[in-house]
**Q** 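Before I ask anything, let me first share the structure, which is written out below as structure tokens.
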Amino acid sequence: MSAFPSDVADPPAPPAPVPGPGRALPNGLAAFLVFFSSGAVLVLETVALRLVGPYVGVTLQVTSSVIGIALAAIAYGAWTGGWLADRRDPRPLLAPALVLAGIATAVTLPVVRYAGEVLRGDAASAILLLVALAVFVPAALLAAVTPLVVKLQLADLRRTGQVVGRLSGIGTLGGITATLLTGFVLVAALPSTVILLALAVSLGVAGLGLGWYLHRRAATDLPGAGRARAALAVLGLVGAGLTTVAPNPCDVETAYHCAKVEADPGRPSGRTLLLNSAQHSYVDLADPRHLEYAYTKWFGAVADVTAPAGRPLDALHLGGGGFTMPRYLTATRPGTDNLVFEIDGGLIELGERELGVRQGTDLSAVAGDARLLVAAEATDSRDLVVGDAFGHLVVPWHLATREMAAEIRRVTRPAGVYVQNVIDYPPLRFIRSELATVGAEFRHVALIAPPEAIAGEQGSNFVIVASDAPLPLDAVRERLAEVDSRATLLADAELDDFVGDALVLTDDYAPVDQLLATA
């Protein structure tokens with residue numbers, strides 16, 4: 001039976017709009033603020049790794065610290081911004097947040113450079129503290145912008161999901177854009193100092209422009225706004241002044257390194273190449289036969305007995321650095337064909353400018369990742385392969401796996417030799433694993449190192465020597481005795497005992513940074 005019309009309940013009325021704290025921002029301005037502030041956080045995060053690298057290295061732990069600290073700053077900044085947005089009108093807070101973030105970004109440079117001199121090293125506490133000084137404050141201030149903007153745009157509860165989702169998506173797009181732009185363009189084209197100062201200026205200008213716009217719309221000024229602007233201006237000038245006098249560890253900032261070339265006071269023609277403040281290469285401009293570092297002497301000893309004296313070699317170098325070994329081989333074996341794979345094109349240019357590198361018939365340098373470039377090399381094309389590629393003090397994991405060793409073995413002629421430089425510290429887990437990894441591909445393997453390092457008493461360079469043909473162990477020992485009497489050559493059963501049941505590293509599992517950890 002049908003109901004009488006008067007008995008039908010009225011449909012519920014739609015919820016009344018919930019007014020926001022004043023007029024909302026124009027959608028375009030709101031989108032810009034979220035996009036810009038979110039992108040700025042990712043620029044900071046990307047550049048921070050380069051800022052702290054000269055002091056604490058560029059390792060997995062440092063990278064993880066940068067990501068973790070940045071995420072913590074985003075979390076606390078967003079939380080604080082949301083808390084403030086519920087208690088105050090967000091409009092007077094937006095411009096100061098941007099300006100303060102700009103000042104904090106500018107101050108980051110001198111803070112990191114002064115603190116870095118004190119916190120040098122690979123201690124976890126030093127890494128976390130230096131990264132926090134580089135990232136936390138400006139990233140937290142920028143992360144507070146989004147919830148403030150969201151609050152201003154929530155004028156109707158029926159559109160809450162749409163507003164929050166749209167602005168969240170715009171913020172994510174800002175972060176993606178900034179990450180790609182910084183990684184592919186800015187870092188390759190500009191020094192970190194320029195990137196950060198430009199970002200600081202952009203944030204300051206955006207904040208001042210936003211403040212002017214909101215002031216004009218409100219037709220009134222905020223209490224104490226003049227004093228606040230004066231204080232912000234003073235802070236900005238102080239930050240700029242500190243930046244100009246802060247110590248700079250770089251002569252040249254390449255796409256991958258903070259690089260510096262220092263003259264040797266005890267040898268007028270000697271030059272030391274420092275990458276991220278760590279000694280990387282030594283070159284004697286007047287005497288390419290001079291090998292300063294112990295591990296280069298060991299490389300030279302193996303190269304000297306690889307073939308009859310003076311016979312040219314086809315040599316492949318994984319990592320260029322200061323180009324010490326290519327110059328040595330050219331001097332000791334005229335006519336040698338040296339092909340160098342160096343990931344950092346800036347180092348090739350620095351070598352040509354300051355380290356006497358001359359490309360020609362005996363030397364070709366190719367900028368690119370050695371793993372990719374080796375795969376394109378012809379089979380059985382090299383008599384000698386020299387592995388000396390490092391990211392700070394760590395062999396990049398993808399160059400330390402069995403798959404990489406297999407590629408090197410493919411390129412090396414049957415009687416050819418592969419020598420690889422490795423740095424490790426007690427308890428020597430990485431060098432043991434790398435020996436096991438190389439030994440899984442090459443039939444004959446030996447190790448050169450100081451006896452104290454082999455005994456696990458100290459950290460050191462270690463040089464792995466590998467070949468499919470029997471190694472000239474007696475000749476190598478004789479030559480080592482001439483160039484470095486402290487070096488020990490380990491092979492056969494002694495080497496097997498040293499390696500034990502060490503992990504063979506593969507592309508699927510190569511925890512290089514963890515194996516290097518001393519704790």
Side-chain angles (χ1 to χ4, degrees), residues 259 261-264 266-267 269-275 278-307 309 313 315-333 336 338-342 347-348 350-351 354-357 362-363 365 370 382-390 392-395 399 417-424 431 434 446-451 453-454 458-466 475-490:
V261 174
E262 291 184 345
D264 182 354
R267 195 180 187 95
S269 57
R271 299 291 184 272
T272 301
L273 172 65
L274 292 92
L275 300 181
Q279 292 186 7
H280 189 276
S281 302
Y282 186 98
V283 172
D284 189 320
L285 300 178
D287 182 9
R289 295 171 180 260
H290 176 76
L291 301 176
E292 180 74 13
Y293 298 148
Y295 83 90
T296 59
K297 295 178 182 178
W298 307 339
F299 275 167
V302 175
D304 289 344
V305 301
T306 293
L313 299 175
L316 174 63
H317 304 262
L318 312 182
F323 291 76
T324 305
M325 291 312 300
R327 296 174 79 246
Y328 177 82
L329 290 176
T330 298
T332 58
R333 295 178 178 274
T336 290
N338 291 286
L339 175 60
V340 179
F341 294 157
E342 169 56 58
L347 288 187
I348 299 175
L350 181 63
E354 298 191 36
L355 299 176
V357 175
D362 57 359
L363 172 62
R382 296 290 161 177
D383 301 304
L384 177 67
V385 178
V386 180
D388 195 17
F390 282 83
H392 193 53
L393 301 178
V394 181
V395 178
L399 303 184
V417 176
Y418 171 47
V419 289
Q420 180 188 1
N421 180 26
V422 173
I423 296 176
D424 199 7
I431 183 59
E434 190 61 10
L447 176 67
I448 304 173
I454 293 174
Q458 65 181 38
S460 176
N461 291 87
F462 296 80
V463 166
I464 298 172
V465 187
V476 173
R477 286 192 178 97
E478 183 178 343
R479 184 66 179 136
L480 283 173
E482 297 172 359
V483 299
D484 183 6
S485 59
R486 294 183 61 255
T488 296
L489 179 66
L490 214 61

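The figures here come from the full heavy-atom set of this structure, side chains too, leaving out hydrogens, waters and symmetry mates. The chain is numbered in sequence order, starting from 1.
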**Q** Listed by chain and number, what are the side chain to side chain contact (heavy atoms under 4.5 Å, CB included) partners of Arg486, not counting sequence neighbours?
**A**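 Per chain and number, Arg486 pairs via side chain to side chain contact (heavy atoms under 4.5 Å, CB included) with Pro450, Glu452, Asp484.
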**Q** Any donor-acceptor pair under 3.5 Å linking the side chain of Ser269 with the backbone of Leu285?
**A**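 No.
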**Q** What residues, two or more places apart in sequence or in another chain, satisfy side-chain hydrogen bond (donor to acceptor under 3.5 Å, both in side chains) together with Glu342?
**A**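 For Glu342, no residue satisfies side-chain hydrogen bond (donor to acceptor under 3.5 Å, both in side chains) once neighbours in sequence are set aside.
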**Q** With sequence neighbours excluded, what pairs up with Asp304 under the side chain to side chain contact (heavy atoms under 4.5 Å, CB included) test?
**A**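 Only Tyr328, Arg479 meet the side chain to side chain contact (heavy atoms under 4.5 Å, CB included) criterion with Asp304.
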**Q** Taking only residues two or more places apart in sequence, or in another chain, which ones meet His280 in a side chain to side chain contact (heavy atoms under 4.5 Å, CB included)?
**A**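 So His280 forms a side chain to side chain contact (heavy atoms under 4.5 Å, CB included) with Leu273, Leu275.
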**Q** Please name all residues satisfying side-chain hydrogen bond (donor to acceptor under 3.5 Å, both in side chains) with Asp424, sequence neighbours left out, ordered by chain then number.
**A**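 Applying side-chain hydrogen bond (donor to acceptor under 3.5 Å, both in side chains) to Asp424 gives none.
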**Q** What closest approach, in Å, do Ser460 and Ala453 show between heavy atoms, and which atom pair accounts for it?
**A**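 Nearest pair, atom of Ser460 first, then Ala453: CB-CB, 3.5 Å.
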**Q** So, taking the atom named CZ in Arg271 and the one named CG in Leu355, what distance separates them when rounded to the nearest 0.5 Å?
**A**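 That separation rounds to 8.5 Å.
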**Q** Once you round to the nearest 0.5 Å, how far does CZ of Phe462 lie from CD1 of Ile448?
**A**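 If we round to the nearest 0.5 Å, Phe462:CZ and Ile448:CD1 are 12.0 Å apart.
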**Q** Sequence neighbours left out, what passes salt bridge (charged side-chain N to carboxylate O under 4.0 Å, His left out) with Asp362? Give chain and number order.
**A**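 Applying salt bridge (charged side-chain N to carboxylate O under 4.0 Å, His left out) to Asp362 gives none.
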**Q** Check side chain to side chain contact (heavy atoms under 4.5 Å, CB included) between Arg333 and all other residues, then give those that pass, not counting sequence neighbours.
**A**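 Partners of Arg333 by the side chain to side chain contact (heavy atoms under 4.5 Å, CB included) criterion, ordered by chain and then number, come out as Ala307, Arg311, Leu313, Thr336.
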**Q** Within this structure, what is the CG-CZ distance for the pair Leu363 and Arg327, rounded to the nearest 0.5 Å?
**A**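 Reported value, rounded in 0.5 Å steps: 10.0 Å.
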**Q** Tyr295: what forms a ring pair (Phe, Tyr, Trp, His ring centres under 6.0 Å) with it, not counting sequence neighbours?
**A**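 Checked Tyr295 against ring pair (Phe, Tyr, Trp, His ring centres under 6.0 Å); matches are Phe299.
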**Q** Between CD1 of Ile464 and CD of Glu434, what distance do you get to the nearest 0.5 Å?
**A**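 If we round to the nearest 0.5 Å, Ile464:CD1 and Glu434:CD are 5.0 Å apart.
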**Q** Working to the nearest 0.5 Å, report the span between CG of Asp287 and CZ of Arg267.
**A**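 The CZ atom of Arg267 is 6.5 Å from CG of Asp287, to the nearest 0.5 Å.
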**Q** Does a donor on one side chain sit under 3.5 Å from an acceptor on the other, for Asn461 and Tyr293?
**A**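 No - no donor-acceptor pair under 3.5 Å links their side chains.
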**Q** Tell me the closest heavy-atom pair linking Tyr282 and Gly270, and the distance in Å.
**A**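 Where Tyr282 meets Gly270 most closely, the heavy atoms are OH-CA, 3.3 Å.
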**Q** Give me the atom names and distance for the closest heavy-atom approach of Ala449 to Trp298.
**A**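 Closest approach of Ala449 to Trp298, heavy atoms only: CA-CH2, 3.8 Å.
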**Q** Just jot down the side-chain hydrogen bond (donor to acceptor under 3.5 Å, both in side chains) partners of Gln458, sequence neighbours excluded, or say none.
**A**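 By the side-chain hydrogen bond (donor to acceptor under 3.5 Å, both in side chains) rule, Gln458 matches no residue at all.
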**Q** Okay, side chain of Arg382, backbone of Ala315: is any donor-acceptor separation there less than 3.5 Å?
**A**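 Flag set: sc Arg382 to bb Ala315 pair under 3.5 Å.
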**Q** Partners of Phe341 by ring pair (Phe, Tyr, Trp, His ring centres under 6.0 Å), sequence neighbours excluded?
**A**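 Phe341 satisfies ring pair (Phe, Tyr, Trp, His ring centres under 6.0 Å) with no other residue.
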**Q** Enumerate the salt bridge (charged side-chain N to carboxylate O under 4.0 Å, His left out) contacts for residues 292-303, please, sequence neighbours excluded, ordered by first and then second residue.
**A**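 Sorted result for residues 292-303: empty, none.
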**Q** For Arg289, which residues count as a side-chain hydrogen bond (donor to acceptor under 3.5 Å, both in side chains) partner, sequence neighbours excluded?
**A**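 Arg289 satisfies side-chain hydrogen bond (donor to acceptor under 3.5 Å, both in side chains) with no other residue.
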**Q** Do Leu480 and Leu489 have side chains that approach each other closer than 4.5 Å (heavy atoms only, starting at C-beta)?
**A**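 In contact.
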